[in-house]
Protein chains: 2
Amino acid sequence: MSVRKARAAETEAALKEAARRQFVERGYLNTKISDITAAAGRATGSFYDHFTGKEDLLRALLADMRDQGHDLAAPEHPAHDLTDRDQLRQHLAVAWRVMRDNRPVTIALFESAIAAGPGSGDFWRRLVEETEVFRDHLAHLERREHPLPGDPTLVGVAIGGMLSMLAYALLADAPDSRLADDEVIDTLTDLLLYGLAGRDPA
Amino acid sequence: MSVRKARAAETEAALKEAARRQFVERGYLNTKISDITAAAGRATGSFYDHFTGKEDLLRALLADMRDQGHDLAAPEHPAHDLTDRDQLRQHLAVAWRVMRDNRPVTIALFESAIAAGPGSGDFWRRLVEETEVFRDHLAHLERREHPLPGDPTLVGVAIGGMLSMLAYALLADAPDSRLADDEVIDTLTDLLLYGLAGRDPA
DNA sequence: GTCTATACTGGGATAGAC
DNA sequence: GTCTATCCCAGTATAGAC
């Protein structure tokens with residue numbers, strides 16, 4: 001790689017890194033192109049030598065994340081019984097960990113989904129996509145004649161929605177998290193597994 | 001009330017009504033002042049004779065809703081045992097109904113909460129406020145020595161977040177709801193009461 | 001490829017006639 | 001109170017020198 005290209009790659013990396021920081025600090029929607037370039041110590045114009053716009057940059061960040069093995073959408077799932085506490089907890093923990101480790105992207109995706117606005121069906125579609133893992137596992141349970149609270153898609157979306165919302169509120173809005181990750185995960189596990197009634201209907 | 005004032009009130013009402021329609025159609029964030037005035041058949045400038053801005057208008061819509069007895073934050077709660085299926089279902093149904101009956105406001109509040117951006121702690125705060133009812137009931141259970149999945153605030157926020165998210169996705173993004181209200185409410189009731197394991201750990 | 005400078009735009013907001 | 005006309009700014013995006 002030539003020196004020229006290396007420089008360019010450096011700038012691109014700097015822009016991405018700056019963007020990540022800004023997204024966490026001000027949120028995706030409130031971050032202006034000029035905020036990013038300023039934080040990266042570059043001129044505004046330079047941005048457009050690397051990206052066509054903010055959405056394009058977000059796509060790039062998403063791709064980077066995927067390359068690093070992290071995947072917001074679908075963590076691996078060798079196991080297949082969500083009614084097993086350890087397995088359910090494991091799933092929730094992985095999802096939470098991915099979101100926590102990729103706060104900038106988590107935040108940005110959430111905000112951009114909202115900004116797309118209602119009516120397009122886009123929001124619902126994205127939510128359904130993101131919750132594929134849960135839906136699959138739930139459908140699996142259903143085939144095994146395990147009674148579910150309702151339609152697998154709906155239940156999956158409910159669970160996924162709860163997770164996203166909590167992640168945004170807790171990871172984005174309160175970085176100095178007042179709640180430990182483990183507490184959150186344990187709570188969600190028990191809530192989703194046994195509900196408010198609890199294990200023993202004592 | 002003078003004729004003059006009546007005219008003004010009419011315009012104000014027209015603006016509010018137009019805003020409600022626009023919020024559902026394009027979303028709160030994507031709605032411009034000029035969209036509202038145009039939809040109301042008034043000039044852009046007239047808007048400012050009634051409201052100082054979009055947020056001000058939203059506050060007015062919220063107040064209207066409250067006046068009509070609907071309250072996004074706290075439906076009445078004479079009963080006090082969320083582990084009773086009927087009572088839990090009732091709570092969820094009321095919350096859902098209020099959101100459905102006030103789609104414009106539900107949508108606008110959700111979007112404006114996001115737009116506030118992370119970092120301010122505002123989002124978390126709003127979520128905690130909105131879920132006061134649940135938290136109170138859960139705390140009540142806890143005092144009665146009923147074991148909960150976790151901290152009442154956290155559990156309440158989780159439940160409320162699930163509801164908000166689902167409402168936005170289902171009520172806002174898919175108005176021609178592919179899912180019946182009753183199905184949603186029944187599913188959530190069973191999920192939250194008994195969890196994925198179900199009533200009988202058969 | 002990166003800079004500086006600037007053109008362009010959307011949309012919020014106001015002035016002033018009616 | 002409502003209109004028309006306009007101002008004005010923030011932000012995006014481009015042009016062109018280096």
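The chains referred to below are lettered A, B, ... by the order of the sequence lines, with proteins before strands, and numbering in each begins at 1. All values reported here derive from a predicted model rather than from experimental measurement.
- The list of side-chain hydrogen bond (donor to acceptor under 3.5 Å, both in side chains) pairs with a residue in residues 28-39 of chain B, not counting sequence neighbours, is empty.
- The two residues B:D122 and B:A116 make their nearest non-hydrogen contact at OD2-CB, 4.5 Å.
- Side-chain polar atoms of B:T189 and B:R85 form no donor-acceptor pair below 3.5 angstrom.
- Every pair tested for side-chain hydrogen bond (donor to acceptor under 3.5 Å, both in side chains) that includes a residue from residues 144-161 of chain A fails, sequence neighbours excluded, so the list is empty.
- For residues 57-67 of chain B, every residue pair satisfying the side-chain hydrogen bond (donor to acceptor under 3.5 Å, both in side chains) rule, not counting sequence neighbours, is listed here: B:K16-B:D64, B:R66-B:D71.
- Axis deviation across the helix from C:dG1-D:dC18 to C:dC18-D:dG1 amounts to 10°, comparing end segments of five pairs, rounded to 10 degrees.
- Taking every nucleotide of DNA chain C with any atom under 4.0 Å from a non-hydrogen atom of chain A, the first and last of them, 5' to 3', are C:dG1 to C:dT4.
- The pair A:D182-A:R89 counts as a salt bridge, with a side-chain nitrogen and a carboxylate oxygen less than 4.0 angstrom apart.
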What N/O pairs connect the protein and nucleotides 6-12 of chain D at under 3.5 Å? Give each pair on its own line.
from   : atom 1 : to    : atom 2 : distance (Å)
D:dT12 : OP2    : A:I33 : N      : 3.2

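- Between A:H91 and A:F134, the angle of the ring planes lies from 30° to 60°, which puts this pair in the tilted group.
- Aromatic rings from A:Y194 and B:Y194 are positioned such that their centres are separated by 6.0 Å or more.
- One finds a salt bridge joining B:R20 and B:E17 here, because a Lys/Arg side-chain nitrogen approaches an Asp/Glu carboxylate oxygen to under 4.0 Å.
- Residue contacts for A:A43: at a heavy-atom cut-off of 4.0 Å it reaches a base atom on one of the strands shown.
- Between B:H80 and B:H140, the ring planes are tilted. Angles from 30° to 60° get that label.
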